[in-house]
Amino acid sequence: MTKNTKKPWQGRFSEETDKFVESFTSSIDFDKRLYSYDIQGTVAHSMMLKSIGILSDSELKEILSALVKVEKKIEKDQIVWEDSLEDIHMHIEHELIELIGDTAKKIHTGRSRNDQVATDIRLYVRDEIIEVFDNIVLLQKTLIKLADKYSNSIIPGFTHLQIAQPITFGFIMMAWFFMLERDKSRFIDSYKRVNISPLGSGALSGSSHELDRNYVAKLLEFDSVTDNALDSVSDRDFIIEFISNSSLLMSHLSRFSEEIIIWCSTMYNFVELEDKVCTGSSIMPQKKNPDVLELIRGKTGSVYGQLMNILTIMKAQPFAYNRDNQEDKPALFTSVDTVLMCLNAMNVCLENLNLNEEITEISSKKGYSTATDFADYLVKRNVPFRDAHEIVGKAVGYAISKKVGLEELTLKEYQDISSKIEEDIFDYLNVKGSVDSKKTIGGTSREEVKRQIKVAKNIIKEYEKN
Ligand code: ARG
């Protein structure tokens, strides 16, 4: 049964809207997701209208109880969504009019869909910032667990994907922790710019009614009200910021994915993901693939795409509101859904990751990974670093020609290279010794990584207090 969907603007029009135009301009398919925020906004706006005498006590009561009914109806999926009613705002108003008639027709006093939608999405983004933040924390907790578990596990550290210096797996987990910490701080910093009420800006120029914008803001738990109506109804900076922060977060998740994918490959075999988080091949029976991680890496493109999408939507709009803005929601919702799903996916993979510690330790000895330690050894014996670099380079060349590792050369061979070298050189060539010598703040020594883990745990403890 189709509803009596008389449009609120019908007065000026002499013919019905073309069906194609109706479906082309409708946003209800996606913006119905904002229903609870739209209702919150309407509750606050109505309470304010009552406070300034536009609604009576009994009218307000009628509206509030009708809003509860509408919300329940939506939750029970009993609403027929119609393109002719365009969006969530008009559907809710329509439902109210069906329920309580003329009283409902007063709720749009001093309000436009332009400030209404701006309010709805600010309320929505505010919640999603917290949701993303909480999910980042879950991932960080998993990283701390892995850092604790593998704090003694040696693994090669790479630059240019060539073995560079030995590090620990715990050290890598902490690197990821602090990357995510920056993501959190970006999201939280953006919160204060989101949490400002545009309601009461009207279509673009404010209102001739004596709207109490501060009261509405207080009811909706906004920190303050926006200062300029023209800006308020056209501003989507906070969506750009959210998607930009999401893009950077996705870039981090994608890098973690890439790294684990490499570690899982047969040639590296550094880590093993449990069967339950891997998928197989339809033709090659032996295959076990890290598809979840590949999908995180792949989905990163979709969030980057939404960033370009929202930036382009905004770039040439004249003030104030234009219908282009309606396209902000698919961009925003896609980003929110992708980020939350990928955070969860990464967490599941990390919870099911096992390090092949013997292999990583053996690999960490390859590629002359302690050559810098050897140079530092010479520096401590008063050889200038540049000369030390050259001496060690020669030693590495010699070891390569003999097809042996640095620790396999004899003391005699070393002393032929430099008279400064003594028996204790072998302590420096050993990967554990190398790791533990990196005691600088931020270094990979086990002692220092313990400190980093402590800092990380304190960050989580602080968060859990609030
Ligand atoms: N559905 C619209 C949007 O999402 C609501 C605002 C419509 N305003 C207007 N003046 N047509 O942007």
Side-chain angles (χ1 to χ4, degrees), residues 7-9 12 25-28 30-35 37-46 48-49 52 54 85-93 106-129 190-243 309-333:
K7 294 185 171 45
W9 64 74
R12 186 228 179 274
T25 52
S26 163
S27 54
I28 191 61
F30 51 83
D31 68 15
K32 57 182 177 224
R33 174 167 174 164
L34 294 174
Y35 77 90
Y37 300 102
D38 200 70
I39 290 174
Q40 274 177 48
T42 301
V43 166
H45 184 66
S46 308
M48 184 275 292
L49 290 179
I52 60 169
I54 291 179
L85 281 173
E86 269 193 14
D87 54 28
I88 189 62
H89 326 295
M90 292 201 342
H91 273 84
I92 290 177
E93 187 176 317
K106 295 188 176 179
I107 54 162
H108 215 52
T109 312
R111 186 174 71 170
S112 152
R113 276 187 297 159
N114 299 353
D115 60 343
Q116 187 175 0
V117 73
T119 307
D120 290 6
I121 39 184
R122 278 177 186 267
L123 292 170
Y124 169 78
V125 170
R126 191 170 81 170
D127 276 1
E128 294 304 346
I129 287 176
S190 70
Y191 192 93
K192 60 177 180 277
R193 284 177 290 283
V194 178
N195 202 27
I196 305 175
S197 174
L199 203 56
S201 297
L204 74 163
S205 63
S207 173
S208 61
H209 301 289
E210 286 185 22
L211 306 181
D212 186 348
R213 292 192 58 202
N214 287 312
Y215 178 49
V216 173
K218 203 170 143 215
L219 290 170
L220 293 171
E221 294 180 351
F222 280 118
D223 292 332
S224 58
V225 300
T226 54
D227 277 310
N228 178 291
L230 195 60
D231 175 37
S232 309
V233 292
S234 41
D235 173 27
R236 296 292 182 272
D237 291 0
F238 62 98
I239 299 185
I240 297 177
E241 243 186 296
F242 182 90
I243 304 180
N309 183 4
I310 187 72
L311 284 166
T312 312
I313 289 169
M314 297 312 296
K315 81 171 267 289
Q317 284 195 49
F319 283 96
Y321 176 88
N322 301 281
R323 197 59 173 267
D324 315 39
N325 285 345
Q326 184 164 288
E327 290 297 312
D328 61 1
K329 283 170 279 299
L332 176 62
F333 297 157

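Predicted model only: the values in this text are computed from it and were never measured.
Summarising the local packing, CD of E221 is surrounded by 12 or fewer heavy atoms from other residues, nucleotides or ligands at distances under 6.0 Å. Annotation for K32: atom NZ counts as buried by contact number, over 12 foreign heavy atoms lying within 6.0 Å.
For N228 (side chain) and L230 (main-chain N/O), a donor-acceptor pair under 3.5 Å exists by modelled atom type. In this structure, the side chain of D235 does not engage the main chain of V233 through any donor-acceptor pair within 3.5 Å. In this structure, R111 contributes its side chain and H45 its backbone to no donor-acceptor pair below 3.5 Å. Between the side chain of D115 and the backbone N or O of L199 there is no donor-acceptor pair closer than 3.5 Å.
Side-chain contact of Q326 with D87: a donor-acceptor pair under 3.5 Å is absent, judged by distance alone. Between the side chains of Y321 and R113, no donor-acceptor pair of N or O atoms lies under 3.5 Å.
Checked for salt-bridge contact, D223 and R126 miss the test: no charged N lies under 4.0 Å from a carboxylate O. With respect to the salt-bridge test (charged N to carboxylate O, under 4.0 angstrom), the residues R236 and D328 qualify.
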* Given the rule in the side-chain contact (heavy atoms from CB on, under 4.5 Å) test, do Y215 and I52 qualify, once you have shown the distances and angles that lead to the verdict? -> CA-CA 10 Å; Y215 178 49; I52 60 169; over 6 Å; no
* To do: In sequence, state the C-alpha distance, the side-chain angles, and the governing distance for H108 and Q116, and then conclude on side-chain contact (heavy atoms from CB on, under 4.5 Å).
  => CA-CA 10 Å; H108 215 52; Q116 187 175 0; 3.2 Å; yes
* Can you check side-chain contact (heavy atoms from CB on, under 4.5 Å) on M314 and I240, steps first, answer last? -> CA-CA 9 Å; M314 297 312 296; I240 297 177; 4.0 Å; yes
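Considering every non-hydrogen atom in both I28 and I88, the closest pair reads CD1-N, 3.5 Å. Across all their heavy atoms, P198 and S232 have their closest contact at CB-CB, 3.9 Å. Taking every heavy atom of both residues into account, S112 and G202 meet most closely at CB-C, 3.4 Å. Shortest non-hydrogen contact noted between N309 and A331 is ND2-CB, 3.8 Å. A pairwise comparison of heavy atoms in A320 and L204 identifies CB-CB, 3.9 Å as the closest pair. Of all heavy-atom pairs spanning G110 and S207, the tightest one is CA-OG, 4.0 Å.
Rounded to the nearest 0.5 angstrom, S201 OG and D227 CG are separated by 10.0 Å. Between the OG atom in S27 and the CZ atom in R323 there is a gap of 6.0 Å [rounded to 0.5 Å]. Of the inter-residue distances, the one linking I121 atom CD1 with D38 atom CG reads 11.5 Å to the nearest 0.5 angstrom. Distance CG/L34 to CD1/I39: 11.0 Å, rounded to 0.5 Å. Note that CG of L220 is 9.5 Å distant from CG of N195, once rounded to the nearest 0.5 Å. Rounded to the nearest 0.5 Å, atoms CE (M48) and OG1 (T109) are 9.0 Å apart.
Contact check for D231 versus T226: no side-chain heavy atoms found under the 4.5 Å cut-off. The shortest distance between side-chain heavy atoms of Q40 and L123 falls below 4.5 Å. At least one side-chain heavy atom of L332 sits under 4.5 Å from a side-chain heavy atom of F242. Contact check for Y35 versus H91: no side-chain heavy atoms found under the 4.5 Å cut-off.
Annotation: cation-pi geometry not satisfied between R122 and F222 (NZ/CZ under 6.0 angstrom from ring centroid, within 45° of ring axis).
Partner Y37 forms a side chain to side chain donor-acceptor pair (under 3.5 Å) with one of T119, T42, D127 and no other, that one being D127.
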